[in-house]
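A quick note: this is a predicted structure, and the numbers were derived from the prediction, not measured. In this chain, numbering begins with 1 at the start of the sequence shown.
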Amino acid sequence: MVELLSLWVAPTARGRGVGDALVREVERWARSVGARFVRLGVAADNPAARGLYKRHRFDATGEQGGLLADGVLREQVMTKRLQR
Ligand SMILES: CC(C)(COP(=O)(O)OP(=O)(O)OC[C@H]1O[C@@H](n2cnc3c(N)ncnc32)[C@H](O)[C@@H]1OP(=O)(O)O)[C@@H](O)C(=O)NCCC(=O)NCCS
């Protein structure tokens, strides 16, 4: 299992496929080291990130992840099974 953490694209570069390229590259690297899953946590109120991960076929697991900055809400965990 590889964990994808802290994906960030500079605001001036957003909406041009940089996020897509980063997710694809993490998946490529994960396969190269023999991982079978990529796992990540995303805030419920982050539609840009959720849309990106859904487009890459990550599924919500229903599991709660790390605490968000407000110290109350938690990330929602998503995973993707990698094709060999
Ligand atoms: C979430 C984040 C990483 C996405 O990065 P990004 O580079 O904007 O992502 P993409 O460009 O690949 O995709 C974003 C949108 O641009 C669109 N897009 C992709 N390629 C495009 C292109 N060549 N021209 C125009 N639009 C394009 C996508 O269709 C997508 O639109 P949609 O969400 O309406 O479907 C970025 O918004 C970010 O850094 N946010 C702040 C940090 C954050 O929340 N990180 C995630 C933590 S879990």
For [X] and [Y], which heavy atoms make the closest approach, and how far apart are they?
X: Val9; Y: Gly19; answer: CG2-N, 4.0 Å
X: Val72; Y: Leu67; answer: O-CD2, 3.7 Å
X: Ala13; Y: Val18; answer: O-CG2, 3.8 Å

Within 6.0 angstrom of Glu25 CD, more than 12 heavy atoms from elsewhere: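 Enclosed.
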
Enclosure of Arg14 CZ (heavy-atom neighbours >12, cutoff 6.0 Å):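 Result for CZ/Arg14: enclosed.
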
pair Phe37-Val2: side-chain heavy atoms closer than 4.5 Å: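 Side chain of Phe37 against side chain of Val2, heavy atoms only: no contact under 4.5 Å found.
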
Heavy-atom check, side chain of Arg36 versus side chain of Met1, under 4.5 Å: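 In short, these two side chains do not touch, never coming nearer than 4.5 Å.
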
Same apolar cluster (I L V M F W Y, side chains within < 4.5 Å links), Val77/Tyr53: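 No, because Val77 and Tyr53 fall into different hydrophobic clusters, even though each may have its own neighbours under 4.5 Å.
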
Separation of [Y] [atom2] from [X] [atom1] (nearest 0.5 Å):
X: Leu7; Y: Leu40; atom1: CG; atom2: CG; result: 9.0 Å
X: Leu4; Y: Met78; atom1: CG; atom2: CE; result: 11.5 Å
X: Leu82; Y: Arg31; atom1: CG; atom2: CZ; result: 5.0 Å

Pair Phe58-Val23, side chain to side chain contact (heavy atoms under 4.5 Å, CB included): steps then yes or no: CA-CA 11 Å; Phe58 279 79; Val23 171; 4.0 Å; yes

side-chain hydrogen bond (donor to acceptor under 3.5 Å, both in side chains) partners for [X], two or more places apart:
X: Arg74; answer: none
X: Gln76; answer: Arg50
X: Arg57; answer: none

Where at least one partner belongs to residues 58-70, residue pairs that pass side chain to side chain donor-acceptor pair (under 3.5 Å), sequence neighbours excluded: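 Checked against side chain to side chain donor-acceptor pair (under 3.5 Å) - neighbours excluded - the pairs reaching residues 58-70 are Arg39-Glu63.
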
Residue list, salt bridge (Lys or Arg N to Asp or Glu O under 4.0 Å) with Arg55, at least two apart or on another chain: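 Here the qualifying residues are Asp20.
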
Residues in side chain to side chain contact (heavy atoms under 4.5 Å, CB included) contact with Ala43, at least two apart in sequence or another chain: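 Side chain to side chain contact (heavy atoms under 4.5 Å, CB included) check on Ala43 returns Asp45, Asn46, Leu68.
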
